[in-house]
Asks: 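Following this message is one structure expressed as structure tokens.
Counting starts at 1 for both ligands and their atoms, following the listed order.
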Amino acid sequence: MSNAYIRGLGFYVPKTVVTNQDLETVMDTNDEWIVERTGIKERRHVGRGLEETSSDLGLKAAESAIENAGIDKNEIDFIIFATLSPDLYFPGCGVLIQDKLGLDTIGALDVRNQCSGFIYALSTADAFIRSGRYKNILVIGSEVHSMGLDMTTRGRGVSVIFGDGAGAAIVSATDEEDRGILSYNMHSEGKYAEELMMGFPGSKYGWTDLLLTEDFEPDFEKIYPYMNGNFVFKHAVTRFPEAINEALNDAGYRINDIKMLIPHQANMRINQFVQKQLSLRDDQVYTNIHKYGNTTAASIPIALAECVQEGKIQKGDLVCLAAFGSGFTWGSILMRW
Ligand code: UT7
């Protein structure tokens, strides 16, 4: 039985940098509040009129990952695409990538697990590779949030946090026994689905009811993302350490064995809290939220790609990925680089 390992990584972020000062010009917010509460200094937006979609960003990240892996794109035998901001309500982005990359009629699966999307996607890739069904799987996490955010003071609790970007990995089979994904876990708690959600366009809310209230005003809570920030924060700081410890226990390791933890970049304060709870050093936790904000399903592959580029992860290192978000869903992956 083969193990699954990450053979190549790539990422892409749009060119337009939106600083906290830029946001001050369109809503009642300020740099001090955003930095103190989230650690974010700037994020990328595709920019209106530039017509970059989640599959466009995902394609650029994928091309870079394919080059980094040193494989021919036609060696890819399956696609998994994680996003909460697909180009179309249906079909998903996976098929768009199959077309844009000009691949044969290979399978393409879309994952709808928001901030945990990349953990779910990578775990799924691992299962397919271990089963012997596929050899090289393209896994993408990509988001264009900026087209769907309420960029007024009404939406400031959500809109200052999220950014656009994409990360991709080529996940391949290896016969090296102590290499690649060693353990993973995935969890969900759907009773909290509406604590972090977007109702539109969904079958729960009739289109007319959703878009037009009696006053013929859009129902802003349904057409834009809604987040009960404090509630999400409290659950995140509990679930992150649980999931990380579970992945370590399942593989027979301890926290001190980790070379690098790559947490989902939702909020710098969440990651600092988790670091403290697990007694990890600064150099064991990777952070890039100050540059990109929260890019949901893209945040882990972007951070992992940057971390590897910076030479902070070497072959043989123990690396842990962990995420928590809307659903609620959460999970963790432990791998030997
Ligand atoms: O990635 C998916 C998972 N998501 C997360 O993990 C996010 C978890 N939650 C959080 O990161 C934090 O809850 C937030 C960053 C979203 C919010 O931080 P907070 O410390 O929980 O602030 P708050 O929502 O309690 O708001 C505090 C105050 C409020 O004013 P009052 O009522 O105290 O007068 C807000 O209206 O801050 C106000 N506020 C803002 N002020 C300036 C909210 N957003 C802003 C803003 N600029 N952008």
Asks: Running the 4.5 Å side-chain criterion over Ile, Leu, Val, Met, Phe, Trp and Tyr, what cluster does Leu96 land in, apart from itself?
Replies: Val95
Asks: Can you run down the ring pair (Phe, Tyr, Trp, His ring centres under 6.0 Å) pairs that involve residues 54-79, sequence neighbours left out, and say none if there aren't any?
Replies: Phe78-Phe128, Phe78-Tyr134
Asks: Would a distance-only check, ignoring hydrogens and angles, find a side-chain to backbone donor-acceptor pair under 3.5 Å from Arg130 to Asn3?
Replies: no
Asks: Name the residues in contact with ligand 1, where contact means a heavy atom under 4.0 Å away: which are they?
Replies: Thr29, Trp33, Arg37, Thr38, Cys115, Arg156, Gly157, Val160, Ile161, Leu196, Met227, Gly229, Asn230, Val232, Phe233, His264, Ala266, Asn267, Arg269, Ile270, Asn294
Asks: Is it the case that the side chains of His187 and Glu246 hold a donor-acceptor pair, with the cut-off being a distance below 3.5 Å and no angle test?
Replies: yes
Asks: Please enumerate all residues that pass side-chain hydrogen bond (donor to acceptor under 3.5 Å, both in side chains) together with Gln265, with sequence neighbours excluded.
Replies: none
Asks: Between Met27 and Ser159, is there a side-chain heavy-atom distance shorter than 4.5 Å?
Replies: yes
